[in-house]
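Reviewing the structure listed below.
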Amino acid sequence: MLACVLVFCLMDAALKALVAHYPPFQVAALRGASSLPWLLAWAAATTGLRPLLRARWSLHLLRGAIGVMMMATFVYALQTLPLSTAYTIFFVAPLLITALSVPMLREHVGPRRWTAIAAGFLGVLVVLRPGGEGLLSMAGLAVLLAALGYAVSAITVRILARTDSTQSMVVWLMVFLALGAGALALPEWREIRGEHAWLVVGLGVAGALGQYLITEAFRLGEASLLAPLEYTALVWGVLLDVALWGVLPRPVTWLGAAIIIASGLYLFRRERVLETGSAAAQEEP
């Protein structure tokens, strides 16, 4: 998951650079189309292409629709928000994953972790303050919508993993993202300029690698345990903002991020305590 966060941060930097020149739906379509050849090559070398046809199409179509919405709204937000600010708002996603793991995956979340989730949402409200660059702006709302889509998509990975391979989940998500976002982008499609070709290639490589890593992470690990690790994106977001765009987060963003990260770290610690206690109980005679 830690490697996945770094790779996706590099991909997001490429998205932010591209959306300055192309519409959000076109950038979302490029995200899927540029990653697809790499993923198909990986699938062919591992399981072969024929097993890709054995899939739970209803859930794949749902993930595809969510993926188009999630990518387009996040890219739209990157037009005006720094990476670090967008990431801080997006940090509501791990909280949503932990909360959604209860009704969708039947995982147990105790009162202490619910308190941490509530504190995390308070931190999000600090960032999304009325009159600032969050709650009342379209960009802030777009990030929140993307975070909700991400949380639902992450939960569906755990459900699909019971019957479908990692290759199937990753490849079909990129297919539906490329086709769905591409169709929506057609009315405003712009020709790709030569100087941006390397960004599209880099977007494809980083997107393919990151998608594989995150699918494997949520397939093998418990959602509520993995979610807090995504907060490391803030470090990379700040470094990329400074290096590429010369901006730093505002003080209120740091405050909100601190509250959210503290909540996430408590969730992680609490999960470890519960796992240790459960293992000890099983060892008792």
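In this structure, the separation between CG on Leu100 and CD1 on Ile155 is 5.5 Å, given to the nearest 0.5 Å. To the nearest 0.5 Å, atom CG of residue Leu6 and atom CG of residue Leu2 are 9.5 Å apart. Taking CG of Asp12 as the start and CZ of Phe90 as the end, the distance is 8.5 Å to the nearest 0.5 Å. Rounded to the nearest 0.5 Å, atoms CG (Leu160) and CG (Leu173) are 10.5 Å apart.
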| Going through the distances and angles, do Ser58 and Leu62 end up as a side-chain contact (heavy atoms from CB on, under 4.5 Å)? | CA-CA 6 Å; Ser58 58; Leu62 174 63; over 6 Å; no
| said: Show, in sequence, the C-alpha distance, side-chain angles and deciding distance for Ile89 and Leu81, and conclude whether the side-chain contact (heavy atoms from CB on, under 4.5 Å) test is met. | reply: CA-CA 10 Å; Ile89 300 172; Leu81 294 181; 4.2 Å; yes
| task | Begin from the C-alpha positions of Arg31 and Val75 and carry the test side-chain contact (heavy atoms from CB on, under 4.5 Å) through to its verdict. | result | CA-CA 10 Å; Arg31 157 57 175 123; Val75 169; over 6 Å; no
| CA sep, side-chain torsions, deciding dist, call: Ile192, Gln26, side-chain contact (heavy atoms from CB on, under 4.5 Å) | CA-CA 10 Å; Ile192 306 299; Gln26 181 174 349; 3.4 Å; yes
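Put simply, the residue from Glu188, His196, Arg190 that forms a side-chain hydrogen bond (donor to acceptor under 3.5 Å, both in side chains) with Tyr22 is His196.
Taking all atoms of both residues into account, the shortest heavy-atom contact from Ala55 to Asp164 is CA-OD2, 3.3 Å. Nearest approach of Leu248 to Val242, heavy atoms of both residues: CD2-CG2, 3.4 Å. Taking all atoms of both residues into account, the shortest heavy-atom contact from Leu177 to Ala28 is CG-O, 3.7 Å. Shortest non-hydrogen contact noted between Thr88 and Gly256 is CG2-C, 4.5 Å. Of all heavy-atom pairs between Ala13 and Leu240, the closest is CB-CD1, 4.2 Å. In terms of heavy-atom proximity, Val127 sits nearest to Ala257 at CG2-N, 4.4 Å.
Looking only at side-chain heavy atoms (C-beta outward), Arg63 and Val157 come within less than 4.5 Å of each other. The shortest side-chain heavy-atom distance between Trp254 and Val238 falls under the 4.5 Å cut-off. Side-chain contact between Leu83 and Cys9 is absent, with no heavy-atom pair separated by less than 4.5 Å.
The main-chain N or O of Ile117 is never found under 3.5 Å from a side-chain atom of Ser263 such that the two would form a donor-acceptor pair. A donor-acceptor pair is defined here as one N or O able to donate and one able to accept, closer than 3.5 Å; such a pair exists between the side chain of Thr156 and the backbone of Ser153.
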For residues 67-74, tabulate all N or O donor-acceptor pairs below 3.5 Å that involve a side-chain atom, not counting sequence neighbours.
residue, atom, partner, partner atom, Å
Thr73, OG1, Met69, O, 2.7
Thr73, OG1, Met70, O, 3.0

Ignoring hydrogens and angles, write down the donor-acceptor pairs under 3.5 Å from the side chains of residues 36-53, residues two or more places apart or on other chains.
residue, atom, partner, partner atom, Å
Thr46, OG1, Trp42, O, 2.8
Thr46, OG1, Ala43, O, 3.2
Thr46, OG1, Gln167, NE2, 3.0

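Remark: Glu191 engages no residue in a side chain to side chain donor-acceptor pair (under 3.5 Å) (not counting sequence neighbours). Residues forming a ring-ring contact (aromatic ring centres under 6.0 Å, His included) with Trp198 (at least two apart in sequence, or on another chain): none. Scored by the ring-ring contact (aromatic ring centres under 6.0 Å, His included) test, Phe91 finds Tyr231 as partners (sequence neighbours excluded). For Ala14, the side-chain contact (heavy atoms from CB on, under 4.5 Å) partners two or more places apart in sequence, or in a different chain, are Leu199, Leu203. Applying the side-chain contact (heavy atoms from CB on, under 4.5 Å) test to Ala29 and every residue at least two apart in sequence or in another chain returns Ala181, Trp189. Residues meeting the side chain to side chain donor-acceptor pair (under 3.5 Å) test with Arg193, sequence neighbours left out: Glu195. A search for side chain to side chain donor-acceptor pair (under 3.5 Å) contacts involving Thr166 returns Glu216, Arg219, not counting sequence neighbours. For Ser84, the side chain to side chain donor-acceptor pair (under 3.5 Å) partners at least two apart in sequence or on another chain are Asp241. Remark: Leu96 pairs with Val92, Phe121, Leu148, Ala151 by the side-chain contact (heavy atoms from CB on, under 4.5 Å) rule, at least two apart or across chains. Residues that satisfy the side-chain contact (heavy atoms from CB on, under 4.5 Å) test with Leu239, not counting sequence neighbours, are Val235, Trp236.
Cluster membership check: Val7 does not share its hydrophobic cluster with Val205, using side-chain heavy-atom separations under 4.5 Å among Ile, Leu, Val, Met, Phe, Trp and Tyr. If you chain together hydrophobic residues whose side chains sit under 4.5 Å apart, Val143 and Ile259 never meet in one group. The hydrophobic cluster containing Tyr87 does not contain Leu255, counting ILVMFWY residues as joined when their side-chain heavy atoms lie under 4.5 angstrom apart, directly or transitively. Hydrophobic clustering of Ile, Leu, Val, Met, Phe, Trp and Tyr side chains at less than 4.5 Å, counting indirect connections, keeps Leu186 apart from Val175. In the hydrophobic clustering of ILVMFWY residues, with side-chain heavy atoms under 4.5 Å counting as a link, Leu234 and Val252 come out apart.
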